[in-house]
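Letters A, B, ... mirror the listed sequences (proteins, then strands); counts begin at 1.
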Protein chains: 2
Amino acid sequence: MSLHDPDLSLIFQALADPTRRAMLARLLEGPAPVGALAGPTGLALPTVMRHLGVMEAAGLIETRKEGRSRFCRLRAETLRATEGWLAGQRALWEARTDRLEALALALEAEDAVRPGYGS
Amino acid sequence: MSLHDPDLSLIFQALADPTRRAMLARLLEGPAPVGALAGPTGLALPTVMRHLGVMEAAGLIETRKEGRSRFCRLRAETLRATEGWLAGQRALWEARTDRLEALALALEAEDAVRPGYGS
């Protein structure tokens with residue numbers, strides 16, 4: 001996955017798991033060795049590595065070997081890109097809502113200049 | 001799922017599928033009958049209904065029966081809540097980055113008032 005082409009399916013799949021969201025929350029505080037991420041989960045190391053693999057494939061984290069430990073680091077640009085996608089969806093929705101409101105106002109104004117019942 | 005307690009696991013699971021994201025994009029333009037959502041996908045109706053069920057369980061859409069048709073409507077508040085969660089994660093990350101920068105500046109200032117090598 002390139003930096004400029006985030007795979008939303010992989011990202012949302014990675015974020016859909018509460019254990020992975022908890023690991024991500026820990027990485028917001030700074031890089032951490034795998035052991036520090038595994039500890040609070042109470043999960044076996046292979047399971048933890050599988051979760052980290054899902055997040056790394058989605059571009060949400062990157063890992064590197066340092067001596068005998070593997071360190072994980074958040075890739076904030078992927079979180080930002082995902083937030084940007086959601087903001088774009090919301091903008092489309094709000095543009096439509098604005099158009100509907102403008103239409104409603106235009107119809108009201110038209111009613112006001114036309115003699116109606118009871119006026 | 002209550003309005004004020006969006007289930008992020010269900011939401012991200014729903015957003016992780018490109019067919020469901022395409023249906024959501026269509027609903028940004030306004031409510032639509034199931035048939036209009038199914039058409040562009042080329043999928044069988046049971047498959048379409050399953051996708052819509054996943055999105056409805058996540059609170060991303062709601063559906064209602066109207067005569068012989070079932071209409072789907074986006075629930076924009078769920079999109080907003082999801083965007084809000086991502087914005088919150090980013091804010092935590094940026095707060096940490098700001099703290100690191102402040103620390104770096106403080107260390108630089110300390111170096112400046114201390115006689116160093118070559119000064």
Side-chain angles (χ1 to χ4, degrees), chain A residues 1 5-32 51 54-55 57-62 72-101 103-104, chain B residues 1 5-32 51 54-55 57-62 72-101 103-104:
Chain A
M1 197 193 80
D5 179 28
D7 187 321
L8 289 169
S9 295
L10 290 181
I11 293 168
F12 288 133
Q13 190 60 57
L15 292 175
D17 184 276
T19 299
R20 291 196 287 267
R21 289 201 301 278
M23 289 173 167
L24 203 71
R26 167 62 189 79
L27 290 175
L28 291 173
E29 295 166 23
H51 281 308
V54 171
M55 291 204 284
L60 283 166
I61 66 166
E62 56 191 16
C72 304
R73 178 182 94 72
L74 185 78
R75 288 186 60 194
E77 61 270 31
T78 304
L79 271 188
R80 264 197 300 272
T82 311
E83 188 188 346
W85 180 82
L86 280 166
Q89 305 290 300
R90 180 174 48 78
L92 287 172
W93 170 261
E94 284 171 359
R96 173 185 167 266
T97 310
D98 288 347
R99 283 197 305 278
L100 285 180
E101 267 173 24
L103 182 66
Chain B
M1 196 195 80
D5 178 29
D7 186 322
L8 289 169
S9 295
L10 289 180
I11 293 169
F12 287 132
Q13 191 61 56
L15 293 175
D17 184 276
T19 300
R20 290 196 288 266
R21 289 200 302 278
M23 290 173 165
L24 204 70
R26 167 63 189 80
L27 290 175
L28 291 173
E29 296 166 23
H51 281 309
V54 170
M55 292 204 284
L60 283 165
I61 66 167
E62 56 191 16
C72 305
R73 178 182 94 70
L74 185 77
R75 288 186 60 193
E77 61 270 31
T78 303
L79 271 189
R80 264 197 299 272
T82 311
E83 189 188 346
W85 180 82
L86 280 165
Q89 303 291 299
R90 180 174 48 77
L92 287 172
W93 170 261
E94 284 172 358
R96 173 186 167 263
T97 311
D98 288 348
R99 281 198 305 277
L100 285 181
E101 268 173 26
L103 182 65

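- Only the side chain of B:R21 comes within less than 4.5 Å of a heavy atom in chain A; its backbone stays farther off.
- The side-chain heavy atoms of B:L79 and B:L28, taken from C-beta on, include a pair separated by under 4.5 Å.
- A:R80 pairs by the side-chain hydrogen bond (donor to acceptor under 3.5 Å, both in side chains) definition with nothing, not counting sequence neighbours.
- Cation-pi geometry between A:R96 and A:W93 is satisfied (NZ or CZ under 6.0 Å from the ring centre, within 45° of the ring normal).
- For the side-chain hydrogen bond (donor to acceptor under 3.5 Å, both in side chains) test, no residue two or more places apart in sequence or in another chain qualifies with A:E29.
- Chosen from B:P18, B:A95, B:A87, the residue pairing most often with chain A at heavy-atom distances under 4.5 Å is B:A87.
- Both the backbone and the side chain of B:L74 come within contact range of chain A, with heavy atoms under 4.5 Å apart.
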